[in-house]
Amino acid sequence: MTSSEVINPATEEVLGSVELLDVDRVDDAVARAKSAQQRWARLAPADRAGALRSFAAVVDAHVDELARLEVANSGHPIGSAEWEAGHVRDVLQFYSASPERLSGRQIPVTGGLDVTFNEPLGVVGVITPWNFPMTIAAWGFAPALAAGNAVVLKPAEWTPLTSLRLGELAIEAGLPADLLQVLPGRGSVVGERFVTHPDVPKIVFTGSTEVGTRVMAGAAAQVKRVTLELGGKSANIVFDDCDLEKAAATAPYGVFDNAGQDCCARSRILVQRNVYDRFMELLEPAVKGVKVGDPASRDTEMGPLVSKKHWQSVASYVSDDAPVAFRGAAPEGRGYWFAPTVLTPQRTDRTVTEEIFGPVVTVLPFDDEADAIALGNDTPYGLSGSIWTENLSRAVRVSRALESGNLSVNSHSSVRYSTPFGGFKQSGLGRELGPDAPLSFTETKNVFFAVSEES
Ligand code: NAD
């Protein structure tokens, strides 16, 4: 058994070490999860609902602790981390209504009675990235448990602490032992074993498109179900008829939230050419005004990058001759700090085409609506995006034309637990959240009961 150090990205202090599980430990956990699932599925729906409500209540009582842990492990600003912990509670609360509402259907047929059942899948493997450890874990485990499954959860190597704590809180809340197990370890060991294990019939993977492609290929060998939430390179499209002051003032928060380590980051700002210069004048003070610093401080808006390795990857996109329009400020000294950076490259530059996953945004001019749509869609990704216009017809036309799963008009909102979330094209497969999420953790079984004529 090996372990790995967990580092505070704002101070570079070692927070502790976490065990990295091997394949035998995973197999043992899956075997225990399998029998826990069979007992869980047999419980009355109202009892499963009650257990999830208790879990939500225990998370609610630990919001402050979970938030502090995320500040230390991931460098998220305290206000964001509190929102994330509260969101886990809300997601559990929302899906606690599902066990009693997965009612199947009764379909009119000749000669009998036809009903459908939403049967649980069994043990679901959830694999999460490091950027939003708690929330993304909850998007998988809450609807999966609600639909009658057990869950094995593998957090990312750099940020396992809040997931491990949520696993303990589930037990504290009275969820059956082994029903939700958090299994820290390497992607190539624990994650891959979820994919190859015959008793894990579904994988929910959130992470890079590169690894997601590999997970999907591995899952194909057993026709294993997958939900994939992958990368993004979303556009923030600013038309000349919008509230330009508001568009410029909010643009930094649409991309620099979580230091740009956000799959929904609007990392390409597309601006209509006739308002481009004015927009840049307004954007500069907004970017320079982003408060970057100690994530534990209440007025901090942006913390550090998650790790040294990731810092090096982001920095590789801002070479000495990069077309930097302007930059914000960031602390010096220890910690993986990176100042918000605005680039004005050519359309074909790799800063425009690749997901940087840091506080680096490209701004490009466009000519008209058709050019904006073509440029917006000129990416293999299709996760998110924003459209700024006061013209309702244009907002409808452009939002229908963009190949993206989550759009917002005159705002940068992406995620609500009550609405579906997921990507077009190489940003993913399937949807999380919203009213239908539990159905993606079930198989539909159709049963026909023949009814004989009265004798
Ligand atoms: P990553 O793909 O490197 O890792 C994600 C997870 O997969 C980690 O837990 C990792 O250990 C595991 N993993 C690695 N190799 C594996 C393998 N061979 N088999 C199974 N699991 C394996 O991604 P990351 O760097 O942690 O996260 C950043 C990426 O996640 C970005 O591309 C971002 O856009 C994406 N993301 C997408 C969403 C979304 O909802 N679409 C949300 C957050 C992050």
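Each ligand, and each atom within it, is numbered from 1 in the order the structure gives. Keep in mind the model is a prediction, meaning the values are calculated, not measured.
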Check your understanding: Ion pair present between Arg193 and Asp27, side-chain N to carboxylate O less than 4.0 angstrom?
Key -> yes

Exercise for review: Give the contacting part of Glu210 toward ligand 1: side chain, backbone, both or neither, where contact means a heavy-atom distance below 4.0 Å.
Suggested key: neither

Point to revise | Test item: Thr341 side-chain N/O and Ala339 main-chain N/O as donor-acceptor pair under 3.5 Å | key: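 Here the side-chain-to-backbone pair exists.
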
Exercise for review: Return a yes/no value for Glu192: is any of its N or O atoms, backbone included, closer than 3.5 angstrom to an N or O of ligand 1?
Suggested key: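 It does: an N or O of Glu192 is found under 3.5 Å from an N or O of ligand 1.
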
Review point. Below 3.5 angstrom, do we get any N/O pair linking Ile127 and ligand 1?
Key: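 Such a contact does not occur with ligand 1.
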
**Study point:** Lys34 (side chain) donor-acceptor with Ala150 (main chain) under 3.5 angstrom
**Key:** no

Practice item. Kindly identify the option in Leu230, Thr135, Leu433, Val215 whose heavy atom sits closest to atom 41 (N) of ligand 1. Key: Leu230

Check your understanding: If you count the atoms of ligand 1 from 1 in the order shown, which ones are under 4.0 Å from a heavy atom of Val211?
Key ->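 Here the atoms of ligand 1 in question are 2 (O), 13 (N), 14 (C), 15 (N), 16 (C), 17 (C), 22 (C).
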
Check your understanding: Are any of the N/O atoms in Thr206 less than 3.5 Å from those in ligand 1?
Key ->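 Not met; the criterion fails.
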
Point to revise | Donor-acceptor pair, side chain of Trp158 and main chain of Val306, under 3.5 angstrom | key: no

Practice item. Could you tell me whether the side chain of Arg48 and the main chain of Trp40 form a donor-acceptor pair under 3.5 Å? Key: yes

Check your understanding: ligand 1 versus Glu355, non-hydrogen atoms closer than 4.0 Å: side chain, backbone, both, neither?
Key -> side chain

Practice item. Could you tell me whether the side chain of Arg397 and the main chain of Ala395 form a donor-acceptor pair under 3.5 Å? Key: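 It does not hold such a pair.
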
**Study point:** Whether over 12 other heavy atoms sit under 6.0 Å from Arg400 CZ
**Key:**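 Not buried by this count: 12 neighbours or fewer within 6.0 Å.
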
Review point. Of all the atoms in ligand 1, which lie at a distance below 4.0 Å from a heavy atom belonging to Ala156?
Key: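 Within the 4.0 Å cut-off of Ala156, ligand 1 contributes 9 (O).
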
Check your understanding: More than 12 heavy atoms of other residues, nucleotides or ligands under 6.0 Å from CZ of Arg101: is that the case?
Key -> no

Check your understanding: For the side chain of Ser384 and the backbone of Asn406, is there at least one donor-acceptor N/O pair under 3.5 Å apart?
Key ->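 Flag set: sc Ser384 to bb Asn406 pair under 3.5 Å.
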
Review point. If you count the non-hydrogen atoms of other residues, nucleotides and ligands that lie under 6.0 Å from CH2 in Trp130, is the total more than 12?
Key: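 Result for CH2/Trp130: enclosed.
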
Exercise for review: Check whether the ring centres of Trp388 and His412 lie less than 6.0 Å apart, and answer yes or no.
Suggested key: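 Yes, the ring centres sit under 6.0 Å apart.
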
Check your understanding: Which atoms of ligand 1 sit under 4.0 Å from any heavy atom of Thr128?
Key ->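 Reading through ligand 1 atom by atom, the close ones are 6 (C), 8 (C), 9 (O).
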
Practice item. Note the single closest protein heavy atom to atom 28 (C) of ligand 1, along with its residue, its atom name and the distance in Å. Key: Phe357 CE2, 3.6 Å

Check your understanding: Looking only at protein heavy atoms, which one is nearest to atom 26 (O) of ligand 1, and how far off is it?
Key -> Trp130 CD1, 3.0 Å

Check your understanding: Got an N/O contact under 3.5 Å between Val195 and ligand 1?
Key -> no

Point to revise | Flag, side chain of Lys224 to backbone of Gly218, donor-acceptor distance under 3.5 Å | key: no

Check your understanding: Do any heavy atoms of Trp158 fall under 4.0 Å from ligand 1?
Key -> no

Review point. What part of Phe132, side chain, backbone, both or neither, has a heavy atom within less than 4.0 angstrom of ligand 1?
Key: neither

Review point. Hey, is ligand 1 close enough to Asn131 that some N/O pair sits below 3.5 Å?
Key: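 No, since none of the N or O atoms of Asn131 sits under 3.5 Å from an N or O of ligand 1.
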
Review point. Relative to the heavy atoms of Phe205, which atoms of ligand 1 are at a distance of less than 4.0 Å?
Key: 2 (O), 5 (C), 6 (C), 7 (O)

Practice item. Have a look at Gly187, Gly231, Gly125, Gly405 and point out the one with the heavy atom closest to atom 22 (C) of ligand 1. Key: Gly187

Check your understanding: Which residue supplies the protein heavy atom nearest to atom 3 (O) of ligand 1, what is that atom called, and how far is it?
Key -> Ser208 OG, 4.0 Å

Check your understanding: For atom 42 (C) of ligand 1, what's the nearest protein heavy atom and its distance?
Key ->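 The answer is Cys263 SG, 2.9 Å.
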
Exercise for review: May I ask you to check whether Tyr417 and Trp139 place their ring centres under 6.0 Å from each other?
Suggested key: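 Centroid separation for Trp139 and Tyr417: 6.0 Å or greater.
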
Review point. Hey, is Leu383 touching ligand 1 through its side chain, its backbone, both or neither, going by heavy atoms under 4.0 Å?
Key: side chain

Practice item. Examine the proximity of ligand 1 to Phe194 and report which part, side chain or backbone, both or neither, has a heavy atom under 4.0 Å away. Key: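 For Phe194, no heavy atom sits under 4.0 Å from ligand 1.
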
Exercise for review: Please say whether Ser188 places an N or O atom under 3.5 Å from an N or O atom belonging to ligand 1.
Suggested key: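 Among all N and O atoms of Ser188, none is under 3.5 Å from an N or O of ligand 1.
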
Exercise for review: Kindly confirm or rule out an N or O of Thr209 lying under 3.5 angstrom from an N or O of ligand 1.
Suggested key: no

Exercise for review: Using a strict cut-off of less than 4.0 Å between a Lys/Arg side-chain nitrogen and an Asp/Glu carboxylate oxygen, indicate whether Glu192 and Arg186 qualify as a salt bridge.
Suggested key: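 A salt bridge is absent here (no side-chain N lies under 4.0 Å from a carboxylate O).
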
Point to revise | ligand 1 atoms in contact with Phe421 (distance to a heavy atom under 4.0 Å) | key: 40 (O)

Point to revise | Cationic N near anionic O, under 4.0 Å, Glu443 to Arg225 | key: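 Yes, Glu443 and Arg225 are salt-bridged.
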
**Study point:** Over-ring placement of Arg431 relative to Phe421, 6.0 Å and 45° cut-offs
**Key:** no

Practice item. Would you check whether Trp139 has a nitrogen or oxygen atom less than 3.5 angstrom from a nitrogen or oxygen atom of ligand 1? Key: no

Practice item. Look only at interatomic distance and state if Glu157 has a nitrogen or oxygen under 3.5 Å from any nitrogen or oxygen of ligand 1. Key: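 For ligand 1, there is an N or O atom that lies under 3.5 Å from one belonging to Glu157.
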
Review point. Hey, looking at atom 29 (C) of ligand 1, which of Pro155, Pro129, Gly207 has the closest heavy atom?
Key: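 Nearest heavy atom to atom 29 (C) of ligand 1 lies in Gly207.
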
Exercise for review: Identify, by atom number and element, the atoms of ligand 1 in contact range of Gly191, meaning under 4.0 Å from any of its heavy atoms.
Suggested key: 19 (N), 20 (C), 21 (N)

Practice item. Taking the six-membered ring for Trp and the full ring for Phe, Tyr or His, determine whether the centres of Phe441 and Phe141 are under 6.0 Å apart. Key: no

Check your understanding: Of all the atoms in ligand 1, which lie at a distance below 4.0 Å from a heavy atom belonging to Ile136?
Key ->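 Checking each atom against Ile136, I get 42 (C), 43 (C).
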
